[in-house]
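Presented below is the structure to which this report refers.
Residue numbering restarts at 1 for every chain, and letters A, B, ... go by the order of the sequence lines. All values below were derived from every heavy atom in this structure, side-chain atoms included, with hydrogens, water molecules and symmetry-related copies excluded.
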Number of protein chains: 2
Amino acid sequence: VLETESLQKRYLLGNVPVDALCGVDLAVSKGEFLTVLGPSGSGKSTLLNMLAALDTPTSGTVRIAGTDVSTLSDSQRSLLRRKIGIVFQFFNLIGRLDARENVELPLSISNTPRLERKKKAEELLELVGLNDRMHHRPNELSGGERQRVALARALAPNPQYLLMDEPTGNIDSKTAKELMDLVETLNKEREVTIVMVTHDRSLAKYARRTLHLLDGKIVKEVSK
Amino acid sequence: VLETESLQKRYLLGNVPVDALCGVDLAVSKGEFLTVLGPSGSGKSTLLNMLAALDTPTSGTVRIAGTDVSTLSDSQRSLLRRKIGIVFQFFNLIGRLDARENVELPLSISNTPRLERKKKAEELLELVGLNDRMHHRPNELSGGERQRVALARALAPNPQYLLMDEPTGNIDSKTAKELMDLVETLNKEREVTIVMVTHDRSLAKYARRTLHLLDGKIVKEVSK
Ligand SMILES: Nc1ncnc2c1ncn2[C@@H]1O[C@H](COP(=O)(O)OP(=O)(O)OP(=O)(O)O)[C@@H](O)[C@H]1O
Ligand SMILES: Nc1ncnc2c1ncn2[C@@H]1O[C@H](COP(=O)(O)OP(=O)(O)OP(=O)(O)O)[C@@H](O)[C@H]1O
Ligand SMILES: [Mg+2]
Ligand SMILES: [Mg+2]
């Protein structure tokens, strides 16, 4: 359901090229839980942005549910994105909205009625342990609380794909385990396809397959 | 050299009070390496902000090198801050400056000559492994690279105190070890006093003493 073929991404800094991805071939099947490990700067976040159709490759293809993303119009692409929940490495929460409003945002984009949106957002914030922080804005929350709001927002539209970039980087091990158990249940019960980028090797146990990225290439693959 | 007495910090959200710190007594001696652990939302970042004299307590005192911070004028306080290097949880890099300029910033505030600033910034960026990312702005760097720029910037003014909030949250274990070895050398050779907030229990081995914070109070203390 998620595929890349000879995927390359080259950034240009002034006229200096930086190759973030140098030919990545990847195939993730429906309901799979895949982990991506790799050193800082190896291209993990860049790969996630490609899989979420948020950025365009320099060359190569990205296919989501069999469709080549580069052939889609802007409106087709944003319809596709509604099926993808993404937890960014630095959250990208909206500063002037409170926690509940941030979680409601993807639902208001897809025209869910106001009361239903509100109820869904409150349920998700309770699920991640933030029932008494619903009206805090991002700068009134701790680092780990912001990360949990970002996860709740990614889950709001009941996505078929969940892409997570360091989902527990700012959270203690106990809270991290609770969140991972939640994510694992989604994977097992609702067949949500999950790609998780992490540095925390202890999280690799949740996934069936682990890819190691180095300088923009997959150098190792480990399956259980 | 760093002390707090019955330190309280209460935030007001509208008219709802949130107690982030509820009476913290702490004494850190010169050249000590102290780790602070605790669940998400327990008050760790708030405590660091108090120790860095960046925020004022609701009640209680903060003393840095024997001086009660609340008795200082603004200009005395900013002179004191030059001795303190801080690595924020989300870096607070300046978006329109590149990596080198961000690292130079504390040196330009203290009127270090331009060429000397430039050389020092380049040395530090090499030390943290970013010699080929010097002219990237924060949004042209990966998460872990930004974190390393933030560490290099905190070290630029040769601080006597180094306060670090999740210094390895976005970095792989190999890079993290290299950075921690660097920090440990500063502590042993230059007697830099270090307070490090982390969720990563494997980092506690670098410190002699570990404090556990829960709901704004110190609930446990472990010394080697
Ligand atoms: N401006 C604010 N207004 C209201 N509450 C706040 C504000 N800033 C922080 N808080 C609350 O204070 C508590 C402590 O926050 P702090 O950032 O110190 O936690 P932390 O231990 O660093 O957590 P983490 O490990 O998640 O970063 C949190 O529960 C947070 O919601
Ligand atoms: N806009 C940009 N312009 C130039 N180079 C960039 C840009 N964005 C990213 N890079 C470079 O591309 C490389 C890959 O970045 P990416 O964010 O994918 O790494 P990562 O594996 O997620 O690292 P981390 O674990 O530190 O978050 C990095 O070396 C980075 O410096
Ligand atoms: Mg990244
Ligand atoms: Mg914090």
* Asked: Where does Arg133(B) contact chain A at under 4.5 Å (heavy atoms): side chain, backbone, both or neither?
  -> side chain

* Structure fact -> The interface call for Phe91(B) against chain A, heavy-atom contacts under 4.5 Å, is side chain

* To do: Between chain B and each of Lys174(A), Lys44(A), Arg148(A), count heavy-atom pairs under 4.5 Å; write down the option with the most.
  => Arg148(A)

* Is the number of heavy atoms from other residues, nucleotides or ligands within 6.0 Å of CG (Asp74(A)) greater than 12? -> no

* To do: Check whether Tyr11(B) gets within reach of chain A through its side chain, its backbone, both or neither, counting any heavy atom under 4.5 Å.
  => neither

* How long is the gap from CG on Asn170(B) to CG on Asn170(A), to the nearest 0.5 Å? -> 6.5 Å

* Asked: For atom NZ of Lys224(B), is the number of surrounding heavy atoms from other residues, nucleotides or ligands below 6.0 Å larger than 12?
  -> yes

* Counting only heavy atoms not in Asp215(B), do more than 12 fall under 6.0 Å of its CG? -> no

* Of all of Ser45(A), Gly143(A), Gly169(A), which one pairs up most often with chain B through heavy atoms under 4.5 Å apart? -> Gly143(A)

* Asked: What distance do Leu37(B) atom CG and Asp172(A) atom CG have between them, rounded to the nearest 0.5 Å?
  -> 9.5 Å

* Leu13(A) to His136(B) - nearest heavy-atom pair and separation -> CD2-CD2, 3.0 Å

* With a 4.5 angstrom heavy-atom cut-off, could you sort out which part of Glu140(B) is near chain A: side chain, backbone, both or neither? => side chain

* To do: Counting only heavy atoms closer than 4.5 Å, note whether Val18(B) contacts chain A via side chain, backbone, both or neither.
  => side chain

* Asked: When you look at CG of Asp181(B), are more than 12 heavy atoms from neighbouring residues, nucleotides or ligands closer to it than 6.0 Å?
  -> yes

* To do: Step through the shown structure and confirm whether more than 12 heavy atoms of other residues, nucleotides or ligands are within 6.0 Å of CG on Leu115(B).
  => no

* Answer with side chain, backbone, both or neither: which region of Glu166(A) has an atom nearer than 4.5 Å to a non-hydrogen atom of chain B? => side chain

* To do: Answer yes or no: is there a side-chain heavy-atom contact under 4.5 Å between His199(B) and Ser173(A)?
  => no

* Structure fact -> Bottom line for Ser40(B): the part with an atom under 4.5 Å from chain A's heavy atoms is both

